[in-house]
Amino acid sequence: MACKSIPFLYLLTVLMAKTGVDATIGVNWGRESAQRLIPSQVVDLLLQNGVKEARVYTSRTDLLQAFGGSGIGLMLSVNDLSILQDYHECMTWVQSRMPYFNVSSVRRIYVGNNPFVMGLLNNRAGLKENMDAMYNLQKALNDADWGHQIKVVVTHSSSQLKPNITKPSEAEFRDEIKPELSETLRFLEQNNAPFVVDMIPPVDLLIYKMDTSFAFVGESTQVIKDVNGAIYTNIFEFMYDAYVWALIKLKAPKIKVIVGQVGWPTDGYSGGNASTVERFFKGLLPYVSSNKGTPLRPGAPIDTFVHALTDENKMPNDIMRHWGIYHSNGKPKFKIDLMGLGRDIYPSSAKGIMRMPERWCVFNGNQTDYPMVQKQFEHACKNSDCSSLNPGGSCSDIGPNQSVSFAFNMYFQFKFQDENACSFNGLSIITVENPSTPKCMFPIEVVRGQQENYVKPTPKAKGYHQSPNCVVSLFLLSLLGAFFWN
Ligand SMILES: *[C@@H]1O[C@H](CO)[C@@H](O)[C@H](O)[C@H]1NC(C)=O
Ligand SMILES: *[C@@H]1O[C@H](CO)[C@@H](O)[C@H](O)[C@H]1NC(C)=O
Ligand SMILES: *[C@@H]1O[C@H](CO)[C@@H](O)[C@H](O)[C@H]1NC(C)=O
Ligand SMILES: *[C@@H]1O[C@H](CO)[C@@H](O)[C@H](O)[C@H]1NC(C)=O
Ligand SMILES: *[C@@H]1O[C@H](CO)[C@@H](O)[C@H](O)[C@H]1NC(C)=O
């Protein structure tokens, strides 16, 4: 194995040389899936893979508890703004989490869910509510003496930039959100908090009409020249400096910019498979840990969060469902060195995951009542995840009968193999013969026991406009739809 060929002492030297203001490589973990690891398994996985920071899309106490004492820096989220309506509610919330703050290393709290999308959709009240929650929460943290360690932030994405740029120096935030953005920047600066951007490279490549090779650090055939001799050869540096330029134009030239989310889906559309994602991170992560910086910020460490630990097959949008490094059975899908040393290694597998029995629910092939088959197919897909059947997805070429089987099986597995979930009006049977093909996996899911400690949050706040962790703006989605599925 390649990882063994790197002598331990060499590794140690590399690690020791890299101290101080080094870029951090973190990993994100969301729970919008039918099959979930439990928090203690996640902490174990992160530790085994040498990951020092993690971003989660909740602030539920089961998770805080699991991370307690692990030493892993933790980024939390509060999506339900109804619990942060005013300063007093924020203080109550801070006090409720204080026992956990004492034993875990919480560094940032994300408030809301890409709130500037509300601004772009002209929901000014929603955006204002989100900003007030952010201010009140930071004030409560400051007053409770946690402000030096825990910074309140929000997520920013490329939908906030004007889209028609050809180089980073042309970048500018959209006019309709400039007043609120300026105010937010002053707030972040006052608290010494970073500006967090979420990057979706496959989307950005489309928006800015780049060559696919521009996605991969060190492999591009496209070179973009900018002012002052700056040269860009990959989308990551291009986007980073685009944000920095936009920030300069809003009079925040020095604010720290970190990448709160970056990755590439392994399935669900024609540009996504495990080897592409492996190649993407193989270029990106060693670049991040080199602290090389960008033309505009040479030598600046760029803290970067890999999205994501596991798939989230309950995300509302297909494009966000296959970002996991791991399959739901805890096995890695591709090689990735999460320490950024560029080693050719698979990350460690998750321990203690129990799979359900080897059985699948499939279509019996009876097409006498075709509209009924269609109806059952749609019902199964609507209530599970059929994104692998999308054009270019891993199961896109299995034929109509098998596609129906795929849908039935996904539904059956989502329901933890409940036999009542394999009825489909008499069109299905349970089989022990694996219907998978070399390219298309019919998954078997993990046992229900893995679901403990989790209750889906009930959205009730006015500001809660999307499922947590869903950062693709409506604009980008329509664009993606146009590109990938028409
Ligand atoms: C947290 O720790 C501090 C000092 O270490 C202590 O004074 C405080 O009571 C603790 N708070 C909670 C809620 O455990
Ligand atoms: C982008 O479009 C706007 C409005 O159409 C225009 O004012 C601006 O100059 C354009 N920017 C670039 C870089 O082409
Ligand atoms: C993955 O996608 C790339 C780009 O679309 C393609 O060239 C490659 O053959 C695919 N690999 C596999 C294993 O499907
Ligand atoms: C679907 O299955 C039925 C019944 O087994 C068979 O008659 C039909 O040819 C199959 N269709 C395709 C496209 O494979
Ligand atoms: C196929 O389905 C039709 C109605 O949907 C039913 O009448 C028929 O008996 C079925 N055939 C078989 C072989 O199950």
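We're numbering straight along the sequence, starting at 1. Both counts, for ligands and for their atoms, begin at 1 and track the order of listing.
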Quick note on ligand 3: atoms under 4.0 Å from a heavy atom of T276 include exactly 1 (C), 2 (O), 3 (C)
Could you check [atom] against the protein and tell me its nearest heavy-atom contact, residue, atom and distance included?
atom                    : answer
atom 12 (C) of ligand 5 : N366 ND2, 3.3 Å
atom 5 (O) of ligand 5  : D369 CB, 3.5 Å
atom 4 (C) of ligand 4  : G365 O, 3.4 Å
atom 11 (N) of ligand 3 : N273 ND2, 3.0 Å

Considering all protein heavy atoms, does one lie under 4.0 Å from [atom]?
atom                    : value
atom 2 (O) of ligand 5  : yes
atom 7 (O) of ligand 4  : no
atom 14 (O) of ligand 4 : yes

Who's closest to atom 10 (C) of ligand 4 heavy-atom-wise, of N401, V373, V404? N401
So is S275 in contact with ligand 3, going by heavy-atom distances below 4.0 Å? yes
Please determine if R279 forms a cation-pi arrangement with F216, meaning its NZ or CZ atom is less than 6.0 Å from the six-membered ring centre and no more than 45° off the ring axis.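 So R279 does make the cation-pi contact.
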Please determine whether a side-chain nitrogen of the Lys or Arg among [X] and [Y] lies less than 4.0 Å from a carboxylate oxygen of the Asp or Glu.
X    : Y    : answer
D198 : R55  : yes
K282 : D337 : no
D344 : K335 : yes
E419 : R359 : yes

I'd like to check W323 versus N28 (side-chain heavy atoms, cut-off strictly below 4.5 Å). Are they in contact? no
K162: which of E176, E172, E170 passes salt bridge (Lys or Arg N to Asp or Glu O under 4.0 Å):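 Exactly one candidate clears the test, E172.
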